[in-house]
Amino acid sequence: MTPPLPSKWIALSLLFSAALGCTSTPPPVTPRAENPPPSTPPVFALAATVADTAEDPADRGVASRITRVTVYSDRALVSREATVALTAEPTIFRFKKLPGWVDEGSVRASTSAGKIVDVAVERRFLARSTDEGFRKVEEKHKALLRKLQALDDELAILDAQQEHVESIKVFSVQKLEGDAVTRDIKVDTYGQVIDFVSGALRKTSASRREVQAAREQLAPDVEASAKNLEELRRLTKLEETTVLVTVQGSAAGNATLTLTYATPGATWEPMHEVRASSADPDGVELTSFAVVTQTTGEDWSHAELSFSTQSSSDSERIPELEMLALGKTQEVTRSVTRQVTSFSAAQKKFEEQNRHWNRMNQATSQRISEVEQFEQSYSSNLALLERVQSKTVEIFQGLQTRGTTAHFTAKDPAIVRSDGRSIRLRIGSSRIKAQRHIIAAPEESLNAAITLEMANKTSQPLLPGSVARYQDGAFLGMTDIEFVAKDEDFSVFFSVADQVKLTRELDKHQSSLQRNARNRMQLAFVSKAKNLSDRPVTVVLAERIPVSENTEIRVSNVKISPNEKPDAKGIVRFKVTLGPREEREFRVSYQVEYPPSLVFDVRRKQMQSPPSPSPAAPRKKMDFEERLIEIEQQF
């Protein structure tokens, strides 16, 4: 049995305990259920958990599915179908749980029987902070925070108590040193102090472990509660669109009710494939694709997909011409504005709500790491969508400028999810004849190119876009094409002609520069083409003679060998057949006269132009004056 402490030690202990407080039993903590983490619920399921009342089965709306989608450069036109029972009296059918950014001005409805009496659009927030369920979640979270705060307070008290005991230990050591000088020290008395200090520290450490364990057990519940409350608060900023369609039947019976509406968050771009085979060297397989990306908030599961280059924001009006006024006139021409007000409002709602809507509906888990991974992926996909959208809007507007629009239908069923991942869908495929040519332009590149010369004998135009090239199943790389109308001839870069070696040099013996009141530069270029293969090859080699559009610059004394005539653009084309291992030489020479001030003008222009964004950026093509100054530096 431990002997009692002397009265002075007890008094000292009580003094510090009164000042700092004393330890108490930690508050009880409800054990956390060890259930697997639940998957992220869809946005409407979460909203239902805090609703004041359960949804009335009679008010759940019609069961509809997306059957058709037309994708434009900056939006999608979605069609939903539902089977409904009509009566002779007007009946209201509700299309519920649509995204909050549906364009109200685009809503249309049709029915296979009866007639449409009225169409109305309603919006509501998925949750309100005044909902009883929302308040219960808030109170539960506050209660957890109070428990966590109580445990933190308890840890602070234990810290103070440990500091208090440590002070007693220090004081006892100091008193021991003083007593050793003035009087004899009783071992039993000092032993009591040691037992008290060690016992107090032991109890403090045990209490700390208990409180810390309780806190560790409570912390995940607090984190999950905070996350759930954050999700619910976001629900108060998310809207649901409901479209009410009133239909009156001529008689009782079933009908198919179709709802059509536009939504932001979708785009597409065209791309193509050219596949050549050694088994059929005179033909290629030409396939066109639509690469579609969407974050509209709704998955398109096996819907009939089509793609249009038309601008969906043009006014719906009777086409008519206004007066074309030249010069000053008091007659003011009437301007026609685009009806974009409703879609602009929808676009704004999309930007405010879309990210959270899709995260809740697309992320498969509430684990923080997986949610963060989804959000990073979604952010990248959304940024890609915006870049593609900006590019395709410009391309399709260019097509409209030339009076051309096109419409395509996906050939294969697909599921296009609202997660921003791009899906490639086939919109056309044909086998067409192709002739292979070897084209060379040594001034531009020392690589000769094999091109495919074709005529668009497909059933549809080819849109501007990238082209993937394949030979016998092997991927050769990417190239691009411009718009190609039906039956129009076009060519595609296919591969590098490795069997042809090109060189091009300035013949300095035949070139000179005389600086005077007017500079006079004599230039002679020598290009060579060599067939490295064991079979004959036909090459079309292009050179060019400058065509001056500046009265101060004159081009004269033009000589071309072999003798060929340049066209109106100054392009000279030599078509030659090279035998095995044969090399041919091509010469062009001319004289240019220009004022010395041209040099300073070009250099000032170069200094004012912005630098290249990176060393890997494509080299900017120089105009003739810049090339002239570059050559002048060689003399």
Side-chain angles (χ1 to χ4, degrees), residues 40 42-44 64-82 95 97-103 106 241 258-273 287-310 312 343 346-347 350-351 353-364 374-375 377-393 395-396 406-429 463 465-466 468:
T40 303
V43 62
F44 291 108
S64 65
R65 67 182 186 91
I66 296 175
T67 56
R68 292 188 305 278
V69 179
T70 301
V71 187
Y72 297 89
S73 60
D74 62 346
R75 69 196 70 188
L77 193 65
V78 180
S79 292
R80 286 180 168 272
E81 290 186 358
F95 288 84
K97 300 182 179 179
L98 305 179
W101 47 85
V102 167
D103 177 13
S106 68
T241 300
T258 303
L259 177 71
T260 302
Y261 53 89
T263 174
T267 190
W268 74 285
E269 64 175 329
M271 73 165 294
H272 313 276
E273 276 186 1
T287 307
S288 297
F289 299 91
V291 182
V292 58
T293 308
Q294 68 107 344
T295 57
T296 62
E298 299 178 307
D299 292 342
W300 304 337
S301 299
H302 302 295
E304 178 186 321
L305 299 178
S306 57
F307 308 92
S308 178
T309 66
Q310 187 176 2
S312 59
F343 187 78
Q347 181 71 35
F350 171 83
E351 294 169 356
Q353 304 178 29
N354 173 265
R355 184 182 299 274
H356 184 58
W357 175 287
N358 275 297
R359 189 189 70 77
M360 295 181 66
N361 281 328
Q362 299 290 336
T364 57
F374 172 84
E375 289 181 340
S377 174
Y378 185 77
S379 296
S380 299
N381 294 340
L382 189 60
L384 175 62
L385 182 148
E386 291 171 350
R387 290 196 300 271
V388 172
Q389 188 175 87
S390 177
K391 179 176 68 174
T392 54
V393 166
I395 291 175
F396 294 168
H407 196 83
F408 306 89
T409 301
K411 303 299 182 182
D412 309 299
I415 297 177
V416 184
R417 300 200 181 278
S418 181
D419 56 6
R421 292 188 176 93
S422 297
I423 302 294
R424 193 178 74 162
L425 301 173
R426 185 171 59 93
I427 57 177
S429 182
L463 298 182
S466 58

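Everything numeric here is computed off the predicted structure, so don't read it as measured data.
For E269, the salt bridge (charged side-chain N to carboxylate O under 4.0 Å, His left out) criterion is met by K391, not counting sequence neighbours. Partners of W300 by ring-ring contact (aromatic ring centres under 6.0 Å, His included), not counting sequence neighbours: none found. Every salt bridge (charged side-chain N to carboxylate O under 4.0 Å, His left out) that R424 has, sequence neighbours left out, goes to E273. Not a single ring-ring contact (aromatic ring centres under 6.0 Å, His included) links F408 to another residue, sequence neighbours left out. With sequence neighbours excluded, the residues that form a side chain to side chain contact (heavy atoms under 4.5 Å, CB included) with S306 are T70, H407, T409. Partners of S380 by side chain to side chain contact (heavy atoms under 4.5 Å, CB included), not counting sequence neighbours: none found.
A distance-only check finds a donor-acceptor pair linking the side chain of N381 to the backbone of D419 [under 3.5 Å]. Here the side chain of T287 pairs no donor or acceptor atom with the backbone of S429 at under 3.5 angstrom. For S418 (side chain) and G297 (main-chain N/O), a donor-acceptor pair under 3.5 Å exists by modelled atom type.
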Inset, instruction - Applying side chain to side chain contact (heavy atoms under 4.5 Å, CB included), run through V69 and V416 and close with a yes or a no. - result: CA-CA 11 Å; V69 179; V416 184; over 6 Å; no
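For the pairing with S73, the side-chain contact (heavy atoms from CB on, under 4.5 Å) check across V388, V393, T309 returns one residue only, V393. Exactly one of Q347, Q389, E351 qualifies for a side-chain contact (heavy atoms from CB on, under 4.5 Å) with P264. That residue is Q347. Just one of F396, F289, W268 meets the ring-ring contact (aromatic ring centres under 6.0 Å, His included) condition when paired with F307; it is W268.
Taking CG of D412 as the reference point, atom NE2 of H302 lies at 12.0 Å (rounded to 0.5 Å). Atoms CD1 and CG, on I415 and D299 in that order, are 8.0 Å from each other to the nearest 0.5 Å. R417 CZ to I423 CD1: the interatomic distance, rounded to the nearest 0.5 Å, is 9.0 Å. The CZ atom of F343 lies 5.0 Å from the CG atom of D74; values are rounded to the nearest 0.5 Å. Atom CG of L382 and atom CG of N354 lie 6.5 Å apart (nearest 0.5 Å). Distance OG/S390 to CG/L385: 11.0 Å, rounded to 0.5 Å.
Side-chain contact of R355 with T295: a donor-acceptor pair under 3.5 Å is absent, judged by distance alone. Side-chain atoms of T296 and Q294 include a donor-acceptor pair closer than 3.5 Å. Between the side chains of T267 and T392, at least one donor-acceptor pair of N or O atoms lies under 3.5 Å.
Side-chain atoms of L384 and S422, non-hydrogen and from C-beta on, do get closer than 4.5 Å to each other. With a 4.5 Å cut-off on side-chain heavy atoms, T67 and R65 count as touching.
Applying the 6.0 Å contact sphere to CZ of R421 captures no more than 12 heavy atoms from other residues, nucleotides or ligands.
Here the shortest heavy-atom pairing between Y72 and Q310 reads CD2-O, 3.2 Å. Here the closest heavy-atom approach between residue P99 and residue W357 is recorded as CA-CH2, 3.7 Å. A414 and L425 make their closest contact through CB-CD2, 3.4 Å (heavy atoms, listed as atom of the first residue, atom of the second, distance). For the residue pair V71 and A266, the shortest heavy atom distance occurs at CG1-CB, 4.3 Å. Contact between K411 and I427 at its shortest, heavy atoms only, is CE-O, 3.4 Å.
For R80 and F95, the positive end is not near the middle of the six-membered ring at less than 6.0 Å and at most 45° from its axis.
The aromatic rings of W101 and F350 stand perpendicular to each other, their planes meeting at an angle above 60°, with 30° marking the opposite boundary.
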